[in-house]
Amino acid sequence: MNDESKDEAPMSSRYERVYALVRVIPAGQVATYGQLARLAGCTARVAGYAMAAARPADEVPWQRVINSQGRVSQRREGADGDVRQRRMLEKEGVIFDAYDRIDLAAFTWPGPGWDWLEANGYDPGGM
DNA sequence: CGCATGACCCAGG
DNA sequence: GCCTGGGCCATGC
């Protein structure tokens with residue numbers, strides 16, 4: 001349904017597995033790059049790169065992905081994406097403590113649970 | 001093809 | 001808790 005021959009959809013397909021997972025995260029909850037990486041079968045670094053490459057057209061709630069410290073990853077100097085990410089999360093009801101940290105135990109996507117997904121061989125590409 | 005650069009993570013000190 | 005160093009791997013020049 002799309003012509004990627006000359007369309008501006010470069011490597012998105014390479015990150016599609018990660019995007020598919022992120023789209024499942026409900027508003028008000030978060031997941032870490034590491035968790036996504038394990039489920040998507042890539043490294044945490046790639047998961048992070050995938051988020052950086054995500055664009056509005058991909059319809060990926062990238063703001064719900066944070067680092068293993070439970071914090072919003074800082075962007076490079078001059079980029080304000082991290083600030084917006086925090087505001088978006090707070091608007092969804094996510095709480096940051098005095099250390100700018102999110103209580104992973106309380107906000108990490110528990111829904112069906114990552115363990116459940118892994119135990120059931122969840123396949124991002126076959127949903 | 002080599003080199004530099006990331007929205008990472010983990011182990012140590 | 002903070003700072004370092006090493007390992008990861010995709011991208012772009």
Side-chain angles (χ1 to χ4, degrees):
Chain A
M1 42 181 153
N2 50 0
D3 249 308
E4 55 257 344
S5 340
K6 63 169 193 165
D7 214 287
E8 49 175 66
M11 69 311 280
S12 294
S13 51
R14 226 64 87 193
Y15 302 130
E16 197 49 46
R17 295 170 68 80
V18 180
Y19 292 161
L21 286 166
V22 178
R23 293 195 189 99
V24 184
I25 304 172
Q29 295 180 47
V30 299
T32 69
Y33 298 97
Q35 292 177 315
L36 296 174
R38 257 195 325 173
L39 290 169
C42 65
T43 65
R45 207 160 184 81
V46 173
Y49 205 85
M51 288 303 100
R55 308 185 313 169
D58 295 315
E59 294 178 20
V60 176
W62 51 269
Q63 72 270 24
R64 295 173 195 152
V65 186
I66 60 180
N67 61 36
S68 64
Q69 297 175 47
R71 309 183 143 193
V72 166
S73 288
Q74 277 204 331
R75 307 303 195 268
R76 293 196 339 184
E77 219 175 325
D80 61 328
D82 51 343
V83 178
R84 278 183 303 187
Q85 179 173 6
R86 174 168 177 158
R87 298 185 74 183
M88 292 172 83
L89 286 176
E90 292 182 314
K91 194 184 278 185
E92 293 184 1
V94 175
I95 307 298
F96 288 76
D97 63 20
Y99 302 94
D100 302 310
R101 206 166 44 186
I102 296 171
D103 183 346
L104 291 178
F107 293 101
T108 300
W109 181 34
W114 297 99
D115 293 333
W116 182 88
L117 291 177
E118 291 187 287
N120 285 274
Y122 177 72
D123 177 25
M127 66 176 272

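This one's a predicted model, so the numbers in the text were calculated from it and none came from an experiment. A, B, ... follow the sequence lines: proteins, then strands. Residue 1 opens every chain.
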Per A:Val46 side chain, nearest of listed nucleotides B:dA7, C:dC9, B:dC10: C:dC9

Atom CZ of A:Arg87 with >12 non-hydrogen neighbours under 6.0 angstrom: no

Sugar-phosphate only, base, or nothing, as touched by A:Gln69 at under 4.0 Å among non-hydrogen atoms: nothing

Any donor-acceptor pair under 3.5 Å from A:Tyr19 side chain to A:Ala54 backbone: yes

For atom CZ of A:Arg71 and atom C1' of B:dC9, their distance in whole Å: 15 Å

Atom pair distance, as rounded to whole Å: OH in A:Tyr49 and P in B:dC8: 12 Å

Separation of atom CD in A:Gln63 from atom C1' in B:dA7, rounded to whole Å: 13 Å

N/O (side chain, A:Tyr33) to phosphate O (OP1/OP2, B:dC10) under 4.0 Å: no

Exam field: side chain A:Tyr33 to backbone A:Tyr49, donor-acceptor pair closer than 3.5 Å: no

Contact under 4.0 Å: A:Ser73 side-chain N or O vs B:dC8 OP1/OP2: yes

Residue-phosphate contact under 4.0 Å: A:Ser68 side-chain N/O, B:dC9 OP1/OP2: yes

Pairwise P distance for C:dC13 and B:dA7, with rounding to whole Å: 16 Å

Backbone of A:Tyr99 reached by a side-chain donor or acceptor of A:Arg71 within 3.5 Å: yes

Nearest to side-chain heavy atoms of A:Arg101, which nucleotide of C:dT11, B:dA7, C:dG1: C:dG1

Shared hydrophobic cluster for A:Val83 and A:Ile66 (ILVMFWY, side-chain gaps under 4.5 Å): no

Between B:dA7 (P) and A:Tyr15 (OH): distance, integer Å: 11 Å

Distance in angstrom units between A:Arg45 CZ and B:dA4 P, rounded: 15 Å

Value in whole Å for how far the C1' atom of C:dG1 lies from CG of A:Asp100: 14 Å

d(CG, A:Leu89; P, B:dA7) in whole Å: 17 Å

Nearest-angstrom distance from the residue atom CG of A:Asp82 to P of B:dA7: 10 Å

Touch class at under 4.0 angstrom, heavy-atom based, for A:Gly81 against every strand present: nothing

Candidates B:dA7, B:dC9, C:dC9 - which lies nearest the side chain of A:Asn67: B:dC9

